[in-house]
Participant: 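Below are the structure tokens for one structure; questions will follow.
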Amino acid sequence: MLRVSYASAAAPGRANEDYVLAGPSWVVVLDGATPAPGVEPGCRHGVPWLVRTLAGALAAGIEGGGPLPEVLAAAITATMEAHGGSCDLGNPHSPSATAALARRRGDRLEYLVLCDSAVALWRRDGSVTVVRDDRLDHLPGGRPYSLELVTSLRNRPGGFWVAGAVPVAELRGAALFTDGATRLADWYGRAWESLVAGAAEPEKLLAETREQERARGVPHGKLHDDATAAWVSFPPG
């Protein structure tokens, strides 16, 4: 079993495009990508529908025991089918999302990240291992990225899933974050060890994120982003 606590906060004035869902042995955190202003996404459903539908498809498959990349691939296929043929999924601006998954199987915690959401593993020796794909921070030319550049590189050959497993006995706990919550470490100087420890009180962590955004601004992008933090611990027995 897992014990999971989480908080999710929308960017002020907007619908929350993050989504978090948990079961007895797993937790899923999704971060929907807000479409760029003025583009035609080719989809009538929208990002909140996408993350809800993808989360439901993951819940339907994640307890079956299959490898997490296969579980995610099947959930993506099911979500595509749920569009019902009414949307242009070949449109590069169609709704998309990042993903962070964790699942306990026996004495191991399996994890998977897709794009820039993160899984942070807090080990009993006090060290933290952060698992995420940070290539979005290293596109050609540096930030700010043009819409055309991002569109040309999204979901192209060269992408990969990051997946693995770690013995539960080695862990104090684990945290899953969308990139709206990792701003504290990425931009505001908070050590990852402190960020992970703070995830045990996720509401306070997100409140601190908003305070830092207002006080210090952001180096690029939106002043506020949807932010989600989930904390995983392992009850005895």
Side-chain angles (χ1 to χ4, degrees), residues 1-8 18-32 50-80 96-136 155 159-179 181-182 185 192-193 195-200 202 205 228-237:
M1 294 178 61
L2 302 180
R3 182 177 290 124
V4 179
S5 58
Y6 64 84
S8 186
D18 286 357
Y19 204 86
V20 57
L21 191 64
S25 62
W26 54 270
V27 59
V28 170
V29 170
L30 304 175
D31 181 2
L50 173 81
V51 292
R52 289 195 308 270
T53 304
L54 181 57
L58 284 165
I62 198 168
E63 293 186 357
L68 290 182
E70 294 181 9
V71 171
L72 180 56
I76 292 171
T77 299
T79 302
M80 292 174 62
S96 61
T98 75
L101 286 63
R103 178 180 64 186
R104 181 170 184 172
R105 295 186 68 192
D107 63 354
R108 314 245 338 146
L109 183 75
E110 302 173 333
Y111 54 86
L112 180 152
V113 300
L114 179 67
C115 202
D116 58 357
S117 286
V119 173
L121 306 170
W122 192 16
R123 300 181 184 274
R124 295 194 179 276
D125 64 5
S127 65
V128 170
T129 301
V130 181
V131 184
R132 65 176 173 178
D133 179 356
D134 67 350
R135 286 174 300 163
L136 189 58
N155 291 333
F160 61 93
W161 288 321
V162 179
V166 62
V168 168
E170 294 183 6
L171 299 177
R172 295 183 181 183
L176 286 73
F177 303 104
T178 61
D179 64 339
T182 60
W192 272 99
E193 291 80 3
L195 184 70
V196 172
L205 198 71
T228 298
W231 171 249
V232 177
S233 57
F234 310 100

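Note that these values count all heavy atoms, side chains included, but never hydrogens, waters or copies made by symmetry. Nothing fancy with the numbering, it's 1 onward along the sequence. Computed from a predicted model, the values in this text were never measured in an experiment.
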Participant: Can you name the residues that form a side-chain contact (heavy atoms from CB on, under 4.5 Å) with Ala197, not counting sequence neighbours?
Facilitator: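 If we apply the side-chain contact (heavy atoms from CB on, under 4.5 Å) test to Ala197, skipping adjacent residues, the hits are Trp122.
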Participant: State the CG-CZ distance between Leu2 and Phe234, to the nearest 0.5 angstrom.
Facilitator: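 If I round to the nearest 0.5 Å, the distance is 6.0 Å.
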Participant: Any chance you could lay out the side chain to side chain contact (heavy atoms under 4.5 Å, CB included) test for Val29 and Tyr6, step after step, and finish with the verdict?
Facilitator: CA-CA 10 Å; Val29 170; Tyr6 64 84; over 6 Å; no
Participant: Write down the atom of Ala100, the atom of Val119, and the distance for their closest heavy-atom approach.
Facilitator: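 Minimum heavy-atom separation between Ala100 and Val119: CB-CG2, 4.0 Å.
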Participant: Return the OG to CD distance between Ser25 and Glu63, rounded to the nearest 0.5 Å.
Facilitator: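 One gets 5.0 Å once the value is rounded to the nearest 0.5 Å.
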Participant: Looking only at non-hydrogen atoms, find the nearest pair between Ala120 and Val128 and report the distance.
Facilitator: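 Result for this residue pair: CB-CG1, 4.2 Å.
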Participant: I need the minimum non-hydrogen distance between Thr182 and Trp192, along with the two atoms involved.
Facilitator: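 For Thr182 versus Trp192, the nearest heavy atoms are CG2-CH2, 3.6 Å.
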Participant: Check Gly65 against Arg105 and note the closest heavy-atom contact, atom names and distance.
Facilitator: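 Reported closest heavy-atom pair: O-NH1, 2.9 Å.
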Participant: To the closest 0.5 Å, what do you measure between OG (Ser96) and CG (Leu30)?
Facilitator: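 Output value for this atom pair is 11.5 Å.
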Participant: Rounded at 0.5 Å granularity, tell me how far CZ in Arg52 sits from CG in Leu54.
Facilitator: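 One finds 12.0 Å between CZ of Arg52 and CG of Leu54.
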Participant: Can you measure from OG1 (Thr98) to CG (Asp31) and round to the nearest 0.5 angstrom?
Facilitator: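 These two atoms lie 4.0 Å from each other.
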Participant: Going by side-chain contact (heavy atoms from CB on, under 4.5 Å), name the residues that satisfy it together with Val71, two or more places apart in sequence or in a different chain.
Facilitator: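 Val71: side-chain contact (heavy atoms from CB on, under 4.5 Å) contacts with Leu58, Ile62, Arg103.
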Participant: Apply side-chain contact (heavy atoms from CB on, under 4.5 Å) to Thr77 and list each qualifying residue two or more places apart in sequence or on a separate chain.
Facilitator: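 For Thr77 the side-chain contact (heavy atoms from CB on, under 4.5 Å) partners, ignoring immediate neighbours, are Glu81.
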Participant: Could I get the full list of side chain to side chain donor-acceptor pair (under 3.5 Å) partners for Trp231, not counting sequence neighbours?
Facilitator: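 Trp231 satisfies side chain to side chain donor-acceptor pair (under 3.5 Å) with no other residue.
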Participant: Looking only at heavy atoms, which two atoms of Leu21 and Gly56 are closest? And how far apart?
Facilitator: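 Shortest heavy-atom separation between Leu21 and Gly56 comes out as CD2-N, 4.5 Å.
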Participant: Can you give me every donor-acceptor pair (side chain of residues 170-178, partner residue at least two apart or in another chain, under 3.5 Å) with its distance?
Facilitator:
| from | atom 1 | to | atom 2 | distance (Å) |
| --- | --- | --- | --- | --- |
| Glu170 | OE1 | Arg123 | NH1 | 2.9 |
| Thr178 | OG1 | Asp18 | OD2 | 3.0 |
| Thr178 | OG1 | Thr228 | N | 3.0 |

Participant: Are any side-chain N or O atoms of Arg132 and backbone N or O atoms of Val113, one a donor and one an acceptor, separated by less than 3.5 Å?
Facilitator: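 It does not hold such a pair.
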Participant: Please list, chain by chain and in numerical order, all residues satisfying side-chain contact (heavy atoms from CB on, under 4.5 Å) with Ala22, sequence neighbours excluded.
Facilitator: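 Val4, Val27.
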Participant: Provide the closest heavy-atom pair for Val51 versus Ala97 in the form atom of the first, atom of the second, distance.
Facilitator: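 Residues Val51 and Ala97, closest heavy atoms: CG1-CB, 4.0 Å.
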